[in-house]
Amino acid sequence: MAVTKTPDEENNAIQELYKELGSEHAHLDREYLKQFLIARSWNVKAAKEQLLSTMAWRKENKVDLYPAATKDNKLPLLYPVRGFDTIPDGNLTSDAGVSESVLRIYRWMGGSCLHKTDKDGCPIYIERLGYHAAKELAKFTTTEEVSQYHVGCNEFLHRVIMRDCSIKANKTINRETVIFDCTNMNWGQFHMPALYFIKAISDTDQKYYPETLNKLYLVNAPSAFVMVWKIVKAWLDPGTIEKIQILGKDFKDVLLQQIPAENLPSFLGGDCTCSHMPGGCVPSQILKNIPEIQAQAHNEKTEFPYNKDIMEKAETDATLRGPPSLAFCNGLSNDST
């Protein structure tokens, strides 16, 4: 069970964590520190350890320097986006800059999209999990490529989309609501090498992006999913498990309690079709509502989400504007590049 604190208790714990971290970390946002405290059940020393580990990981892997698409820099998107104010609706394409590995990973996914917001103001991520070509995904991609792609998507989500949501909601938004649609799921999806991709992603999120999940819904889950859930559940923190609802076919009313009908795709019981965009609400090469995306010569074969020149330019630009700050994790931060 999640540990609850009074506002005064929360404030005292945050101040104690600031004191433990020292003046060199005074720039870190209160809400960011609170995420680590919640993740570690308000144990200040444990939160400090996880936070310092996260900062070391970000520095070692130059995560602060990862480029993120904005309307100003016009970088190509890493996955489809719908319904946000500060970046136009768009799909993943083979435009120059996106690495070949991103296109290869997305080729075998059933489809995904950052699609509008829920009633809490949190962005909604939808993935057609049941249509994943799991065996092909495991055969033609690597764990490192999938992990790097996930980090690139996370940085875009937290620096750009959550800042957009925070401005719109006039409060800090640092969590997302996730819907995994299990329609069409069969034993082919229960492929252990592909499931290990889920483990790698969940490990990254729980270690380095704690308390960024608002709610997670698995809908149209077949009875066989219970067996897989026993495996996946062992990889998750108790706090994450509390936020997950596994639903069969009677999911519509549950989703509509959390998501306005106009923000929920029609195939999930809402009113939205995104008819203005190719592929509608959730483009999918597997479902053939968009053409297959073919890599071009300008899509480099690299494990990173963007081509080498874009990764290097982002690093140079970040160096020129001064040291990076983890304050971007607060949705109201000014750092959106």
Determine yes or no for a side-chain-to-main-chain donor-acceptor pair under 3.5 angstrom, with His298 supplying the side chain and Ser94 the backbone.
yes
Please find the pair of heavy atoms, one from Phe36 and one from Tyr32, that lie closest to each other, and give the distance.
CD1-O, 3.2 Å
Kindly say whether Glu292 contributes a backbone atom to a donor-acceptor pair with the side chain of Gln294 at under 3.5 angstrom?
no
Kindly assign one of parallel, tilted or perpendicular to the pair Tyr209 and Trp57, based on the angle between their ring planes and the thresholds 30° and 60°.
perpendicular
Return a table of donor-acceptor pairs under 3.5 angstrom between the side chains of residues 261-271 and protein atoms on other chains or two or more places apart.
from: Asn263; atom 1: ND2; to: Thr117; atom 2: O; distance (Å): 2.8

Verdict with reasoning, Arg40 to Glu49, per salt bridge (Lys or Arg N to Asp or Glu O under 4.0 Å):
CA-CA 10 Å; Arg40 300 276 67 86; Glu49 182 179 339; over 6 Å; no
Residue pair Lys313, Asp309: steps toward the salt bridge (Lys or Arg N to Asp or Glu O under 4.0 Å) verdict:
CA-CA 6 Å; Lys313 184 178 186 302; Asp309 62 328; over 6 Å; no
For the residue pair Phe180 and Tyr125, does the interplanar ring angle fall in the parallel (under 30°), tilted (30 to 60°) or perpendicular (over 60°) class?
perpendicular
Which heavy-atom pair separates Cys165 from Phe84 by the least distance, and what is that distance?
SG-CE2, 3.7 Å
Is a donor on one side and an acceptor on the other found under 3.5 Å between the side chain of Ser202 and the backbone of Lys199?
yes
Does Asp250 CG have over 12 foreign heavy atoms under 6.0 Å away?
no
Assess the side chains of Asp181 and Thr183: does a donor N or O sit below 3.5 Å from an acceptor N or O?
yes
Are Ile179 and Leu247 in one and the same hydrophobic cluster, where Ile, Leu, Val, Met, Phe, Trp and Tyr link if side-chain heavy atoms are under 4.5 Å apart?
yes
Could you tell me whether Arg82 and Asp89 have a side-chain N and a carboxylate O separated by less than 4.0 Å?
no
Carboxylate-amine/guanidinium contact Glu155 Arg58, below 4.0 Å:
yes
Could you check whether any side-chain N or O of Asp118 sits under 3.5 Å from a backbone N or O of Pro260, counting only pairs where one atom can act as donor and the other as acceptor?
no
Walk me through it: do Glu31 and Arg175 pass the test salt bridge (Lys or Arg N to Asp or Glu O under 4.0 Å)?
CA-CA 11 Å; Glu31 288 294 325; Arg175 291 172 173 81; 5.5 Å; no
Do Glu127 side-chain atoms and Ser112 backbone N/O form a donor-acceptor pair below 3.5 Å?
no
Ser166 side chain vs Ile173 backbone, donor-acceptor pair below 3.5 Å
yes
Output side-chain donor-acceptor pairs under 3.5 Å for residues 278-286, partner residues at least two apart or in another chain, one line each.
from: Ser284; atom 1: OG; to: Gly110; atom 2: O; distance (Å): 2.5
from: Ser284; atom 1: OG; to: Ile286; atom 2: N; distance (Å): 3.3
from: Ser284; atom 1: OG; to: Leu287; atom 2: N; distance (Å): 2.9
from: Gln285; atom 1: OE1; to: Ile293; atom 2: N; distance (Å): 2.7
from: Gln285; atom 1: NE2; to: Tyr106; atom 2: O; distance (Å): 3.4

Contact summary for Leu77 and Asn91, nearest pair of heavy atoms:
CD1-N, 4.1 Å
Using only heavy-atom distances, determine whether the side chains of Gln258 and Asp120 contain a donor-acceptor pair under 3.5 Å.
yes
Parallel, tilted or perpendicular: which one describes the rings of His27 and His25, with boundaries at 30° and 60°?
tilted
In the structure I gave you, are the side-chain heavy atoms of Val81 and Phe156 within less than 4.5 Å of one another anywhere?
yes
Identify the two heavy atoms, one from Met109 and one from Tyr149, that lie closest to each other, and give their separation to 0.1 Å.
SD-CE2, 4.4 Å
Treat each ILVMFWY residue as a node, draw an edge where side-chain heavy atoms are under 4.5 Å apart, and state whether Tyr306 and Leu92 are in one component.
yes
Least distance between heavy atoms, Leu213 atom then Lys243 atom:
O-NZ, 2.8 Å
Is Val219 close to Val254 at the side-chain level, that is, under 4.5 Å between some pair of heavy atoms?
no
Residues Ile259 and Ile124: closest non-hydrogen pair is CG2-CD1, 3.7 Å
